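What you are looking at is a predicted structure, and each value in this text was computed from that prediction instead of being measured. For the numbers below, each heavy atom of this structure counts, side chains included, while hydrogens, waters and symmetry mates do not.
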Amino acid sequence: MPIPEKDFYTLDEVAARWECIGFDKSSFLDLATKDLLVFSIYRRDIGTYRQVNEVGDVTSITTVFSFTAENYRRDGIRYLKAEDARRILEAEPGKEVGASGYYLLPTRTRESGTASSNLYLTASDLGVSLTERNRFESEHGYTSFPAGFSRLWSWAKEDNNRAVITWVCTGAAAIVVAGWALVQFIYKCP
């Protein structure tokens, strides 16, 4: 049984997967502008935590308690509006941009929306869920063959792997020559 895939991928991971088809991180802005890919964040708001805010000389401490039933699981993936994702991707590196809200489902319907929150995000907070990545790849005809071939090619180009390739090619050539000699011997004998 194969190892299950993760539910959430960072933009770096998605860009690396799509690199073989000419995709780089700057392409995410175009996808957000055209609302072709639903960007998401991973929020873990389960349990008890404390938040400390310091503004000038004033420090405020907020403690949030979360009591949940046994075996309760709340998915931490939240989906953003295309406009919010675009603004976050356009911002300077490390600059936090406020999101107007988020959704529990990638369809981003009114029913799955949450109340507006004081949520400030950077481009490094953004990612793509597994279901959204698979939907996008299926809809746009992406196959994993180019990605696998790209990884194989990258491996073959590394200097320390050339000795292995030389041994494999030499062995394959020896097998072909020996096979040809065997065929010649078999067909020349009465």
By side chain to side chain donor-acceptor pair (under 3.5 Å) - contacts of Tyr103 (at least two apart): none
Using the test side chain to side chain contact (heavy atoms under 4.5 Å, CB included), find all partners of [X] that sit at least two apart in sequence or belong to another chain.
X: Glu54; answer: Val52, Thr59
X: Thr166; answer: Thr170
X: Thr122; answer: Glu96, Ser124, Asp125
X: Phe136; answer: Trp18, Leu31, Leu36, Leu37, His140

Min side-chain heavy-atom separation [X]-[Y] under 4.5 Å:
X: Tyr79; Y: Leu104; value: no
X: Ser40; Y: Arg78; value: no
X: Val97; Y: Leu121; value: no

For residues 27-38, the side-chain hydrogen bond (donor to acceptor under 3.5 Å, both in side chains) pairs (sequence neighbours left out) are Asp24-Ser27, Asp30-Lys34, Asp35-Arg108
Summary of side-chain hydrogen bond (donor to acceptor under 3.5 Å, both in side chains) pairs that have at least one residue in residues 85-95, sequence neighbours excluded: Glu83-Arg86, Asp84-Arg87, Arg86-Glu90
Taking Glu5 first and then Arg133, would you say they form a salt bridge - that is, a charged N and a carboxylate O separated by under 4.0 Å? yes
For residues 160-182, which residue pairs pass the salt bridge (Lys or Arg N to Asp or Glu O under 4.0 Å) check, not counting sequence neighbours? Asp159-Arg162
